[in-house]
Asker: 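Below you will find the structure I want to go over with you.
Proteins get letters first, then strands, A, B, ... in listed order; numbering begins at 1 in each.
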There are 2 protein chains.
Amino acid sequence: MSRKAFQRLTLDDRRRSLMEATLTCVARDGLQGATVRRITEEAGVTLGLVRHYFGSKDELIRSAYAYLIGQLTSQASESSKQSEGAPEVQLALFLRANMTRPNLSERNVSLWATFIGRVRSDSTFAEIHREGYREFLTVLETLIEPVLAAHGLPHGAAACKRHAIALNGLIDGLWMEGSLNSGLYSQAMLPDLVIEASERLLALPPGVLSQAPTPLEEQRLTSCAMPE
Amino acid sequence: MSRKAFQRLTLDDRRRSLMEATLTCVARDGLQGATVRRITEEAGVTLGLVRHYFGSKDELIRSAYAYLIGQLTSQASESSKQSEGAPEVQLALFLRANMTRPNLSERNVSLWATFIGRVRSDSTFAEIHREGYREFLTVLETLIEPVLAAHGLPHGAAACKRHAIALNGLIDGLWMEGSLNSGLYSQAMLPDLVIEASERLLALPPGVLSQAPTPLEEQRLTSCAMPE
DNA sequence: TGGATAATTATTCGAGTGTATAACAGTAGG
DNA sequence: CCTACTGTTATACACTCGAATAATTATCCA
């Protein structure tokens with residue numbers, strides 16, 4: 001029996017490849033279905049590599065969880081930073097990003113929920129979750145503060161944190177149920193819904209967020225203004 | 001070797017006992033840790049009974065999930081029905097119930113999340129989830145409608161549904177993160193927070209929900225009015 | 001170019017899994 | 001009291017799991 005020809009990857013690539021394969025397996029078959037054999041089959045390698053790169057299966061799973069959380073938060077926060085616009089625009093972009101693909105995906109929610117289910121008993125998972133949650137709250141507070149200030153609303157640290165907690169709840173809940181898409185309503189309504197709801201939640205004047213032009217629309221507006 | 005003395009239970013009691021044991025195991029060890037042996041050990045019986053009562057382990061797990069969802073929704077909706085007060089009071093009670101024990105518990109959230117993680121791949125789980133979600137939305141719509149009507153706000157079916165979706169998101173998210181209690185804030189602030197947030201979300205005048213007296217406070221007010 | 005080193009494969013092993021089945025023990029009806 | 005029935009236990013089986021180890025191969029540096 002001839003040996004399989006194999007490719008030698010860099011340490012980071014191989015690790016990432018194994019973590020991606022792990023997430024794929026967890027999303028498809030749950031934690032119980034994410035066996036070393038299936039993961040390595042998914043990654044196209046043999047099962048010895050898990051031990052070689054992560055020491056144990058548990059360590060691989062934990063690494064994959066941290067990898068996922070990192071992706072989720074950076075994905076969302078970067079979509080707001082890509083704009084140089086007004087605070088309202090950035091907040092609106094951030095909210096919309098959480099209610100549209102790729103952030104709003106069944107796969108992500110399945111993964112998120114599966115790992116959340118282990119937070120209570122596994123302190124390592126708890127640590128990863130807490131860190132991700134804290135970071136998300138911080139991003140929200142940073143986005144909220146200037147918007148409140150611009151409209152003469154209380155914007156102290158305590159008020160911002162309180163608003164961030166509520167807003168995060170709204171986002172998490174809608175993201176969750178929306179991604180699962182139980183068929184009770186269309187996912188397409190979520191972006192507008194979360195924007196309107198956030199306006200009221202922050203006690204902003206109606207239209208402040210929903211009328212905030214996206215960068216794309218701003219471009220279109222400026223370019224259309226010329227030929228007119 | 002002498003046989004173990006055993007107790008013969010009714011069909012319903014034995015089934016419930018096995019489902020409770022299943023939930024205990026899933027909450028403690030996750031789905032992967034909920035083996036037939038541990039479940040039956042937890043229930044104090046031998047492993048043959050799973051086959052006898054549920055046909056297979058998978059069927060037991062599914063039954064336990066449906067059992068859990070039924071408990072969660074009935075628990076919350078009944079705590080609002082126990083009041084004969086104004087619509088505002090009932091809604092406030094419902095919201096508070098979701099932010100306090102026993103509804104707000106790590107165990108429940110762990111279980112909920114663990115099962116949600118399987119919704120995507122297992123259509124049976126998806127069915128159970130959809131049914132529970134639908135029921136929760138209906139309860140919310142029913143609670144919201146009279147409150148909106150009483151304050152001259154739009155209360156058509158579409159508006160109510162939209163509000164219910166947002167409110168459900170808020171509740172789910174806060175319930176989730178709050179139960180996990182990452183230590184970033186005190187759980188004690190959640191009831192007031194969700195009430196205030198809901199007031200703004202529904203565009204109600206400030207104080208409509210937060211000032212709504214609970215039945216307990218109503219009793220105290222009437223009984224204290226005499227000796228004064 | 002060749003040898004050292006690290007990456008990868010192949011195989012083995014004991015423990016644990018869900019399921020199946022036979023033996024046992026309470027219970028109810030005649 | 002006996003018999004049929006079924007809830008329950010006990011045991012066996014085939015399979016999969018994670019981990020460990022040895023053999024093999026690619027890469028890199030001298």
Side-chain angles (χ1 to χ4, degrees), chain A residues 1-26 28-65 114 118 121-122 124-125, chain B residues 1-26 28-65 114 118 121-122 124-125:
Chain A
M1 175 88 75
S2 70
R3 279 193 152 228
K4 182 181 158 192
F6 63 88
Q7 201 173 4
R8 182 179 296 238
L9 297 186
T10 69
L11 188 139
D12 279 351
D13 283 345
R14 184 61 81 197
R15 281 180 61 94
R16 179 161 40 240
S17 149
L18 280 169
M19 290 189 293
E20 298 267 16
T22 302
L23 294 182
T24 301
C25 287
V26 173
R28 192 203 314 124
D29 308 313
L31 272 177
Q32 53 183 343
T35 68
V36 173
R37 281 171 177 83
R38 280 197 221 176
I39 291 170
T40 50
E41 184 187 6
E42 177 74 30
V45 295
T46 48
L47 71 176
L49 281 201
V50 165
R51 179 173 170 72
H52 188 262
Y53 278 104
F54 294 91
S56 72
K57 179 201 173 185
D58 282 352
E59 185 52 34
L60 167 59
I61 302 277
R62 278 189 282 265
S63 303
Y65 179 36
T114 302
R118 304 300 314 130
S121 2
D122 190 318
T124 318
F125 283 1
Chain B
M1 176 84 79
S2 70
R3 282 197 145 221
K4 183 181 160 193
F6 63 88
Q7 202 173 4
R8 184 179 293 239
L9 296 187
T10 68
L11 188 138
D12 280 348
D13 283 344
R14 184 60 82 196
R15 281 180 61 93
R16 179 162 40 241
S17 150
L18 281 169
M19 291 188 293
E20 298 267 17
T22 302
L23 294 182
T24 300
C25 288
V26 172
R28 192 205 313 125
D29 309 312
L31 272 177
Q32 52 183 342
T35 68
V36 174
R37 279 169 179 83
R38 280 198 221 174
I39 291 170
T40 49
E41 184 188 5
E42 177 75 30
V45 294
T46 48
L47 71 176
L49 281 201
V50 165
R51 179 171 170 72
H52 188 261
Y53 279 102
F54 294 91
S56 73
K57 178 201 175 185
D58 282 352
E59 185 53 34
L60 167 59
I61 302 278
R62 277 189 282 265
S63 302
Y65 179 35
T114 301
R118 305 299 316 129
S121 359
D122 190 318
T124 319
F125 281 29

Asker: Tell me: CD of B:Q32 to C1' of D:dG18, nearest whole Å?
Answerer: 12 Å
Asker: Going by atom types alone, do A:T124 and A:D122 pair a side-chain donor with an acceptor below 3.5 Å?
Answerer: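 Side chains of A:T124 and A:D122: pair found under 3.5 Å.
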Asker: Please give, in whole Å, the distance from D:dA19 C1' to A:D58 CG?
Answerer: 12 Å
Asker: OH of B:Y53 versus P of C:dG18: gap in Å, rounded?
Answerer: 20 Å
Asker: Name the closest nucleotide to the A:R14 side chain, picking from C:dT8, D:dA19, C:dG18.
Answerer: C:dT8
Asker: Counting side-chain heavy atoms from C-beta on, which of D:dA19, C:dT8, C:dT21 comes nearest to B:R51?
Answerer: C:dT21
Asker: State plainly whether the residues A:E59 and A:R62 are in salt-bridge range, i.e. N to O under 4.0 Å.
Answerer: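 Yes.
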Asker: From CD of B:E41 over to P of C:dT17, roughly how many Å is that when rounded to an integer?
Answerer: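 After rounding, the gap between these two atoms is 11 Å.
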Asker: Between C:dA10, C:dG18, D:dT9, which one does the side chain of B:V45 approach most closely?
Answerer: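 It is D:dT9.
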Asker: Toward the 5' end of DNA chain D, which comes first, A:G33 or A:G48, by nearest nucleotide?
Answerer: A:G33
Asker: Can you tell me how far P of C:dA7 sits from CG of A:D13, to the nearest Å?
Answerer: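 These atoms are roughly 13 Å apart.
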Asker: Round to the nearest Å and state the distance from B:D29 atom CG to C:dG16 atom C1'.
Answerer: 14 Å
Asker: Rounded to the nearest angstrom, tell me the gap between atom CZ in A:F54 and atom P in C:dT8.
Answerer: 12 Å
Asker: With the side chain of B:R37 defined as its heavy atoms from C-beta on, choose the nearest nucleotide among C:dT17, D:dA19, D:dG7.
Answerer: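 So the nucleotide nearest the side chain must be C:dT17.
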Asker: Output yes when a side-chain donor or acceptor of A:S121 lies under 3.5 Å from a complementary backbone atom of B:R28, and no otherwise.
Answerer: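 Judged by distance alone, yes, a pair lies under 3.5 Å.
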Asker: Counting just side-chain N and O atoms, does A:H52 come under 4.0 Å of either OP1 or OP2 of C:dA7?
Answerer: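 Yes, within the criterion.
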Asker: Check the orientation of A:F125 and A:Y65. Use parallel for under 30°, tilted for 30 to 60°, and perpendicular for over 60°.
Answerer: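 Ring orientation, 0 to 90° scale: perpendicular.
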Asker: Between atom CG in B:L49 and atom C1' in D:dA10, what is the gap in whole Å?
Answerer: 12 Å
Asker: Taking atom CG of B:L60 and atom CZ of B:R51, what is their separation to the nearest 0.5 Å?
Answerer: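 Output value for this atom pair is 14.0 Å.
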Asker: Return no unless some side-chain N or O of B:T35 is found under 4.0 Å from OP1 or OP2 of C:dT17.
Answerer: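 Yes, within the criterion.
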Asker: When you measure from the side-chain N and O atoms of A:R38 to the phosphate of D:dT16, is any distance below 4.0 Å, counting only OP1 and OP2?
Answerer: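 It does not, given that no N or O in the side chain of A:R38 lies less than 4.0 Å from OP1 or OP2 of D:dT16.
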